[in-house]
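Below is one structure, written out as C-alpha cells, with a few remarks after it.
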Amino acid sequence: MLTLHTAPLLLPPGAAPLPDGAVLVQGEAVLAVGPRADLAAAHPGARVRAWPGLLTTGLTHARAVPLLEAAYHPDPREYDQLGETPLTGEALARLAPDRTCRSGSVRRGLQRLLRHGVTRVAGAVTDPAVRSALARSGVSVVPGPGPASATDPVSFDPFAGGHDALSGVPLVPGVRADLAAFDVADAAALRDGGAGACVATVLAGRLVHRAR
C-alpha cells in the first residue's frame with residue numbers, strides 16, 4: 001500500500017525546506033519526495049496522512065543508550081510509589097530491579113523515545129536486554145559519543161543539552177521510511193522547543209506513534 005505523508009513544511013536533511021511537501025512511502029521505503037500536489041496527483045489511490053507543522057526524517061538521540069541502560073523507567077502502575085521520572089544512580093541501586101522489570105523498563109523507555117520522534121540512537125550498546133529490545137523495535141543504532149557525563153541531562157528529548165538531533169540521513173527514494181512530524185512552524189522552533197511537539201513517528205513505514 002502507498003501512503004502519502006504530508007505537512008505544511010517538509011524538512012529534508014541537507015536540502016532546502018519544501019513548503020506543502022510530501023513523502024510517498026511504499027512498504028518500508030521512501031518511494032518519492034516532492035510537492036504534495038504533484039505526488040497526490042500522480043498517486044490518487046495513496047492513503048493520505050496529513051500532519052500539522054513540519055515533517056522530517058526521524059531524529060537521532062545522542063544520549064539514548066545510557067538512558068536505556070542506566071535508568072529505570074517506571075510502569076504507570078508504579079507512579080504512586082516511584083514517580084514518573086526515570087530512576088538513576090542511588091535510586092536505581094536501591095530499587096534493584098530484576099531481569100523482568102529491567103526488560104519492561106527498556107520497552108517503556110523505547111516507547112517514550114518514539115513519542116519524541118526518535119528513530120535512531122547513537123552509541124555502543126552493551127546491555128543484552130537493550131540490544132534485543134532495539135532489534136525488535138526496529139530503532140537503528142549508529143556510532144555515537146562515548147559515555148555520558150554526570151552533567152548530561154536525563155531526557156527523552158534528543159535536543160536537550162544543546163544536541164542537534166536532526167538526522168543526517170538524506171530523504172530520498174530508496175531509504176528506509178523513518179519519519180517524524182512535529183506541530184511547530186520550522187526547524188528553529190523545533191530545536192528551541194524540543195521534540196515534545198512530536199505528533200507522529202513512522203519507523204520503517206509503520207506508524208508507531210500518533211499523538212491523541
Side-chain angles (χ1 to χ4, degrees), residues 3-15 17-25 28 30 33 36 47-65 67-68 71 73-74 76 84-86 105-123 133-134 137-142 144 152-171 175-212:
T3 302
L4 189 66
H5 295 273
T6 74
L9 182 67
L10 179 63
L11 193 65
L18 178 62
D20 198 18
V23 179
L24 185 66
V25 174
E28 297 184 357
V30 171
V33 179
R36 176 196 57 78
R47 174 178 56 186
V48 177
R49 294 195 183 276
W51 307 112
L54 68 81
L55 178 67
T56 187
T57 53
L59 303 182
T60 300
H61 199 309
R63 297 297 179 187
V65 173
L67 185 61
L68 295 173
H73 307 284
E84 301 182 30
T85 305
S105 167
V106 173
R107 289 194 300 270
R108 292 187 293 273
L110 277 172
Q111 290 165 1
R112 294 184 70 175
L113 288 171
L114 290 171
R115 293 200 294 269
H116 284 78
V118 174
T119 61
R120 306 192 331 156
V121 299
L134 286 167
S137 72
V139 172
S140 300
V141 181
V142 297
D152 280 326
V154 177
S155 175
F156 289 100
D157 185 351
F159 292 103
H163 294 284
D164 189 353
L166 291 173
S167 171
V169 178
L171 189 52
V175 301
R176 197 174 83 159
D178 291 347
L179 308 170
F182 301 88
D183 193 5
V184 296
D186 53 29
L190 177 58
R191 291 187 176 97
D192 291 343
C198 181
V199 295
T201 306
V202 175
L203 187 63
R206 298 176 293 115
L207 183 63
V208 293
H209 163 64
R210 182 173 187 170
R212 296 178 180 178

Considering all heavy atoms, the nearest [X]-[Y] contact:
X: D157; Y: G194; result: OD2-CA, 3.1 Å
X: H116; Y: L59; result: O-CD1, 3.5 Å
X: A64; Y: V121; result: CB-CG1, 3.4 Å
X: L11; Y: A187; result: CD2-CB, 3.6 Å
X: R112; Y: E84; result: NH1-O, 3.4 Å
X: P8; Y: G53; result: CD-O, 3.1 Å

Once rounded to the nearest 0.5 Å, what's the spacing between atom [atom1] of [X] and atom [atom2] of [Y]?
X: F156; Y: R63; atom1: CZ; atom2: CZ; result: 16.0 Å
X: T6; Y: R49; atom1: OG1; atom2: CZ; result: 11.5 Å
X: H209; Y: Q111; atom1: NE2; atom2: CD; result: 11.5 Å
X: L207; Y: H5; atom1: CG; atom2: NE2; result: 7.0 Å

Among T119, L114, L68, L113, whose side-chain contact (heavy atoms from CB on, under 4.5 Å) with V139 holds?
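Among T119, L114, L68, L113, the one that satisfies the side-chain contact (heavy atoms from CB on, under 4.5 Å) with V139 is L114.
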With respect to R36, which candidate in L18, D20, L24 satisfies the side-chain contact (heavy atoms from CB on, under 4.5 Å) definition?
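Passing option: D20.
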Are the side chains of [Y] and [X] in contact, using a 4.5 Å heavy-atom criterion?
X: P17; Y: D186; result: no
X: V169; Y: D178; result: no
X: L179; Y: V25; result: yes

Using the side chain to side chain contact (heavy atoms under 4.5 Å, CB included) rule, take R206 and L203 through it: C-alpha gap first, then chi angles, then the decisive distance, then the call.
CA-CA 5 Å; R206 298 176 293 115; L203 187 63; 3.8 Å; yes
Let me see the working for R120 and T60 under side-chain hydrogen bond (donor to acceptor under 3.5 Å, both in side chains), right down to the final yes or no.
CA-CA 5 Å; R120 306 192 331 156; T60 300; 3.0 Å; yes
Could you go step by step and tell me if T56 and F182 meet the side chain to side chain contact (heavy atoms under 4.5 Å, CB included) rule?
CA-CA 8 Å; T56 187; F182 301 88; 4.1 Å; yes
Kindly say whether H73 contributes a backbone atom to a donor-acceptor pair with the side chain of R108 at under 3.5 angstrom?
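Yes, because the side chain of R108 sits within donor-acceptor range (under 3.5 Å) of the backbone of H73.
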Could you tell me whether a side-chain N or O of T57 sits under 3.5 Å from a main-chain N or O of L171, the two making a donor and an acceptor?
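Not at all, since once roles are kept as given, no pair shorter than 3.5 Å links the two residues.
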Let me see the working for L110 and L134 under side chain to side chain contact (heavy atoms under 4.5 Å, CB included), right down to the final yes or no.
CA-CA 8 Å; L110 277 172; L134 286 167; 3.5 Å; yes
Worked check of side chain to side chain contact (heavy atoms under 4.5 Å, CB included) between W51 and R210:
CA-CA 10 Å; W51 307 112; R210 182 173 187 170; 3.8 Å; yes
